[in-house]
Amino acid sequence: MNALKLSDFPIGASLAARASQVLAGGVSSDARRGMPLPVYMSHGSGSHLTDVDGHDYVDFVLGQGPLVLGHSAPAIVDAVSTQVALGQTYAGQHALEVDAAELVAELVPCAELVRFNTVGSEAALGAWRIARGYTGRSKVLKFEGHYHGWLDPALFSLHPALELAGPADTPHVVPGTGGQQMSGGFDLVIAPWNDLGALTSLLVKHHDDIAAIVLEPLLCNTGCISPAPGFLEAVRALCDEYGIVLIFDEVITGFRLAPGGAQEYFGVTPDLAVFGKAIAGGIPVAAIAGSAKVMGVVAGGTVSHAGTFNSNPVGMAATVATLTHLRDHRDEVYSHMQSLGGMLMQGIRERAQAAGVDVLVDGPGQVFQTYFTSEPAVRNYRDFAQTDLPLGRRFHGELLSRGVNIVPRGLWFLSAAHSVADVEHALDAVEQAFAAL
Ligand SMILES: Cc1ncc(COP(=O)(O)O)c(C=O)c1O
């Protein structure tokens, strides 16, 4: 396998030149900045993407997670094509949103009542508002390194510079961008992930003011970090003790770890959960789901929730198609993703060892992370920040140039569409990439 080089991308390079003139920074999302090659996609099918210069990639990005059934899964294409001919959006009630909500309620343990949105960032903040309305309290406790969307109130203490981040057990509230409204930070308490002692101390001090504890139950925006054994159960118990609403941000884990998301996978039920990404298999749909008691403030109209595109019929058709497939094929889909992911993880470990490269591979398989570190475990953001992030970016570039597309920060997503041949191709590329580093 020869590594692709810049001269192999004549059409992509010309698109990049045009993009730099009309798209700010040449991209539509900061997550796409700084790519090592001008890869412009032409089309996707199953587990593969093809770029405009004709190169093929085994895709482990999957649209940053949504494509749990792969690109252009027939069930989704059929449902969306049929629906779009019947109208794109009604701004009125229709049957598909009832079907979709019933499927969410059937699959997700916490879901008694559901509201749909379009993207994860708005649903995440919607859940915070619901928790505030329900409790009458103002603060939200979030964990350092956890991501709940790009909007102002949530974009604090994601990946703060260590010199600003404060003590490990009482992290400072650190803004994430220029231009951010700082007042949101006054309503946040930041805790370190996987540290029950630190969390308990923070709650002893702040519990009267805290409306919600929000977390990524499997942390996927700072490596891929599982909750320590018993941690989610302990957070659940603390929320019960103090009357705090527990929110799982399942934008990545929802319908990916299991049909019922991380709450099914880990066996801990939150009061509210937020979904996006995989819920509609790649069409923009998000949702807030929760107990009838907490969602009652929306049902009863004391807390407002709205959106022009909420439950649009095209998104709902994709949601019904995706969730029906996941429900009816749950055994094949999840064991397939887990076993191929496990095979890939083990293969990467073996190749790293043979090449003498210090790599830690961790995650449940449906999603996992490659870290460049000699440490045996990464437990929180501070550990993650000590890994060799520049080497990880180089690894991403080496893989991309060999037809393997992973999330630049080292995250790999599997889908029902991946095959053993994809895994073998990826492992050949990994072996060559380690040699090239
Ligand atoms: C855990 C989590 N929450 C919220 C979001 C925001 O979702 P969106 O990008 O759809 O606004 C993301 C996006 O990656 C996410 O990973």
Side-chain angles (χ1 to χ4, degrees), residues 27-33 60-68 108 115-131 140-159 176-177 180 184 188 193 212-227 232 246-257 261-263 265-266 270 272-290 307-310 312 315 318-319 322 363-364 366-369 380-381 384 406-413:
V27 293
S28 296
S29 165
D30 281 339
R32 297 173 208 157
R33 277 181 188 271
F60 296 100
V61 176
L62 299 176
Q64 295 279 354
L67 303 169
V68 73
V108 175
R115 277 287 180 104
F116 290 105
N117 280 112
T118 310
V119 294
S121 298
E122 58 167 339
L125 292 184
W128 295 19
R129 178 190 285 177
I130 292 167
V140 168
L141 183 144
K142 87 173 269 289
F143 291 88
E144 196 175 54
H146 290 227
Y147 181 61
H148 305 296
W150 73 286
L151 299 176
D152 279 4
L155 197 59
F156 287 91
S157 297
L158 173 60
H159 295 148
T177 172
Q180 189 170 3
L188 288 180
W193 182 231
I213 295 182
V214 58
L215 53 90
E216 292 184 65
L218 172 73
L219 173 52
C220 292
N221 280 289
T222 296
C224 185
I225 307 182
S226 297
L232 292 180
L246 178 57
I247 304 175
F248 280 7
D249 183 335
E250 297 234 37
V251 170
I252 288 184
T253 54
F255 311 104
R256 166 161 292 285
L257 292 191
Q263 51 197 280
Y265 187 81
F266 293 118
L272 292 178
V274 179
F275 298 93
K277 298 200 191 259
I279 191 170
I283 302 293
V285 172
I288 307 168
T308 300
F309 290 112
N310 290 2
N312 70 81
T319 303
T322 304
Q366 299 91 321
V367 53
F368 68 87
Q369 170 83 21
N380 54 36
Y381 167 64
F384 175 79
I406 70 166
V407 179
R409 64 176 188 275
L411 199 66
W412 302 59
F413 288 108

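Just so you know, residue 1 is the first one in the sequence shown, and it goes up from there. Counting starts at 1 for both ligands and their atoms, following the listed order.
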>> With a 4.0 Å heavy-atom cut-off, what residues sit around ligand 1?
In response: Val119, Gly120, Ser121, Tyr147, His148, Gly149, Glu216, Asn221, Asp249, Val251, Ile252, Lys277
>> Ring-plane angle category for Phe275 and Phe255, please: parallel below 30°, perpendicular beyond 60°, tilted otherwise.
In response: tilted
>> Can you classify the ring geometry of Trp412 versus Phe60 as parallel (below 30°), tilted (30 to 60°) or perpendicular (above 60°)?
In response: tilted
> Is the backbone of Gly254 close enough, under 3.5 Å, to the side chain of Lys277 for a donor and an acceptor to pair up by distance?
Replying inline: no
> Is it true that a side-chain atom of Gln369 and a backbone atom of Ile225 form a donor plus acceptor pair closer than 3.5 Å?
Replying inline: no
>> Quick one: does any side-chain atom of Glu250 pair with a main-chain N or O of Gln263 as donor and acceptor, under 3.5 Å?
In response: yes
> With distance as the sole test, does Arg256 use its side chain to make a donor-acceptor pair with the main-chain N or O of Val367 at under 3.5 Å?
Replying inline: no
